[in-house]
Peer 1: 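My structure is below; once you've seen it, I'll send some questions.
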Amino acid sequence: MEAEEFVVFMQELRKERGISIRKLCRGLCSMGVVENMMDGKWKTDRRLQNIMLERLGLVDEDYVYLLNCEDYECWEDRQHILHCITFREIEKAEELLEKYRKRYCMDDRIEEQFYLVIHAQIRRIQGCTREELSAYYEEALKKTVPEAGVVQLSKTALSVKELNLILETEHYRKEGERCARYQEVLDFVEKGKFSRAVRAKIYPKTVYYFSRCAAESSKLMDNAVLLRYCCEAIELLRECERMYYLWELLDLTMKFVHRISEELMQQGQANKAKALEELYQEKEEWKQALEEIYAETGIPKETEDDCYLYVMRGAYCLNDVIRIRRNMLGLNRKELCSGICDVKTLQRLEQGKTRPQSKIVRELLVRLGLPGEYTRIELVTGSPEVYRMMRQLRGEANEWCWEETDALREHIRGMVSMEIPCNRQVVLNKELLSRWRKGEISRETYCKQMLEVLELTLPYHAFLRAGEKYLTNEEQTCIVNRMQGLDSNSEEFHDCMSRLEEYYHLYIETGLWEGVWNMYEFVMSNIGSAWGNIGEYDRADSYNSLILKGCLCFRRMGMVYSSIYDRWWNYDKRKCSGIPVDKELNDEKELSRCILFSHLAKDERRERFYKEKLKIIRDRV
């Protein structure tokens with residue numbers, strides 16, 4: 001049943017979006033291929049499935065992918081290239097991309113498109129001509145949208161990557177940019193049924209390109225309309241805690257406000273012009289804060305590449321997952337495969353020498369305490385509504401809005417199968433956290449019951465034992481949530497910290513951290529804070545620095561203010577304890593930064609906390 005849930009989910013989503021199979025497959029494959037996929041015959045290429053999901057309006061970072069050895073190697077190769085571009089190791093990126101082309105891009109339009117796009121990114125950084133970039137982007141777009149120049153966008157189904165290619169093709173167009181073309185993309189994005197997370201990846205850039213073009217056009221465009229577009233794009237980024245083209249949009253917003261104010265003054269409407277001053281000052285403060293933190297870390301404030309569109313998060317090698325999980329649970333091959341397959345089949349699977357039947361893999365995964373799906377979202381469900389509700393629930397829980405969290409959780413409980421262990425784990429995890437935060441259960445009860453929730457899928461001792469691990473996102477969340485109830489000086493707490501550090505060290509060491517960043521910033525920010533709480537300030541700062549750098553490189557707001565605060569907190573503790581500091585920090589400035597960035601990310605709970613902390617500091621002085 002679990003293996004069919006994802007197909008049901010895609011079918012429901014396609015019908016909900018009103019996207020025909022013909023639209024879904026145009027430029028990619030025949031209708032028969034899609035029909036087979038929708039019938040549950042999973043013989044299509046993984047990358048083809050992903051682009052179809054994207055055309056249905058979903059973002060791949062919401063999924064967990066268990067890839068076979070070949071697909072995982074391809075994913076690793078992609079991630080290394082993207083990592084090198086993001087961190088400006090351009091020569092290495094160029095070398096890796098050429099190897100990638102020779103290995104994967106023979107008669108594969110999706111891979112050829114990736115190569116052309118990434119090669120354009122590299123050449124742009126190297127300072128090539130607009131004509132060269134125009135050729136790259138035009139050729140890349142034609143790989144999956146061959147009729148882009150003659151068919152109305154409203155009659156197509158397009159992924160954010162394809163929309164981005166249309167923007168870049170227009171931006172580098174030999175005959176010059178056309179506001180009307182940008183407007184067409186803008187209309188498509190506004191009317192399309194994208195999730196907000198997906199919209200945040202393309203709408204701000206579209207608004208920036210359109211508004212910049214319109215502002216520079218000889219044809220006058222209403223500044224108030226352009227200001228509204230920019231403000232809407234900024235608000236979307238704030239809601240999704242992203243920073244794609246944020247600095248550029250703030251800069252444009254200030255220019256439009258200035259123009260409108262001048263027009264109002266010329267019309268003798270000084271009061272209306274003055275009313276805009278507050279908006280201008282707010283955007284100026286945000287822009288200046290961004291410039292300062294980017295300059296401090298040596299990262300460009302401008303969004304200079306589109307690598308964020310191609311980072312695929314949550315990918316793991318299926319063969320390794322089965323082997324690692326089996327060893328974690330202390331099972332030999334005979335014990336795991338009993339009644340499922342023969343030992344030789346399992347051995348070849350773990351060694352990456354065979355592709356067994358899907359039914360065998362599903363049964364092995366379930367026996368290992370994992371969902372029996374190759375591709376899945378947080379819950380095993382065929383309902384797009386549940387998917388949206390889970391995103392909303394996470395937001396309410398982050399704000400400690402427990403009544404709203406409880407209502408959403410109970411609604412979800414009634415819409416998913418609670419017979420599936422991972423579903424039960426998700427729901428009970430959220431329920432326990434809410435009850436503890438509301439003071440309905442003691443710390444001891446909370447820790448005991450959270451352990452039981454974890455062990456719905458994973459024995460605790462299997463996590464505590466040193467060695468290779470595969471942990472689901474929900475298992476990691478259960479562990480971190482439970483740690484919040486433990487004594488931070490206890491041996492158990494430190495064992496948990498060590499295991500989580502070991503788990504993520506490999507990703508940092510191999511340059512694959514973008515692929516797990518969603519969980520890394522959540523888990524390791526907690527670990528960093530824990531080290532600071534016990535006086536290991538240097539170790540805590542090493543995590544703060546890495547998380548801050550990652551957030552700025554990947555254009556994510558969520559942990560910027562937490563990293564700044566934790567850094568200041570460690571500094572303040574050193575100062576109060578008479579420990580020498582490498583760099584003097586201004587208490588008011590650092591806490592004011594935390595307030596500003598938490599406000600920017602609409603994190604009202606953290607904003608209140610920082611304001612209270614600033615008041616204490618001022619009173620102390």
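Note that the structure is predicted; figures quoted are calculated from it, not measured. What's counted below: heavy atoms across the whole structure, side chains too, no hydrogens, waters or symmetry copies.
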Peer 1: Quick one, F554 with Y308, criterion ring pair (Phe, Tyr, Trp, His ring centres under 6.0 Å). Give me CA distance, side-chain angles, the key distance, then yes/no.
Peer 2: CA-CA 7 Å; F554 311 146; Y308 63 90; over 10 Å; no

Peer 1: What residues form a side chain to side chain contact (heavy atoms under 4.5 Å, CB included) with R196, not counting sequence neighbours?
Peer 2: L236, E239, C240

Peer 1: Supply the atom-to-atom distance L585 CG to D572 CG, rounded to the nearest 0.5 angstrom.
Peer 2: 9.5 Å

Peer 1: With rounding to the nearest 0.5 Å, note down the distance linking CZ in R88 to CD1 in I299.
Peer 2: 10.5 Å

Peer 1: State which residues pass salt bridge (charged side-chain N to carboxylate O under 4.0 Å, His left out) with E607; sequence neighbours excluded, sorted by chain then number.
Peer 2: K611

Peer 1: Can you name the residues that form a side chain to side chain contact (heavy atoms under 4.5 Å, CB included) with E139, not counting sequence neighbours?
Peer 2: L116, K143

Peer 1: Tell me, with the steps shown, if D566 and S529 meet side-chain hydrogen bond (donor to acceptor under 3.5 Å, both in side chains).
Peer 2: CA-CA 7 Å; D566 287 347; S529 294; 3.1 Å; yes

Peer 1: Would you say K23 has more than 12 foreign heavy atoms packed within less than 6.0 Å of its NZ?
Peer 2: yes

Peer 1: Would you compute the distance between atom CG of L82 and atom CG of D305 and round it to the nearest 0.5 angstrom?
Peer 2: 8.5 Å

Peer 1: Under the side chain to side chain contact (heavy atoms under 4.5 Å, CB included) test, which residues partner N398, sequence neighbours left out?
Peer 2: none

Peer 1: Listing request: all salt bridge (Lys or Arg N to Asp or Glu O under 4.0 Å) pairs with a residue in residues 268-283, at least two apart in sequence or in separate chains.
Peer 2: none

Peer 1: Taking only residues two or more places apart in sequence or in another chain, which ones pass side-chain hydrogen bond (donor to acceptor under 3.5 Å, both in side chains) with Y520?
Peer 2: none

Peer 1: Rounded to the nearest 0.5 Å, what separates atom CD in E190 from atom CZ in R199?
Peer 2: 8.0 Å

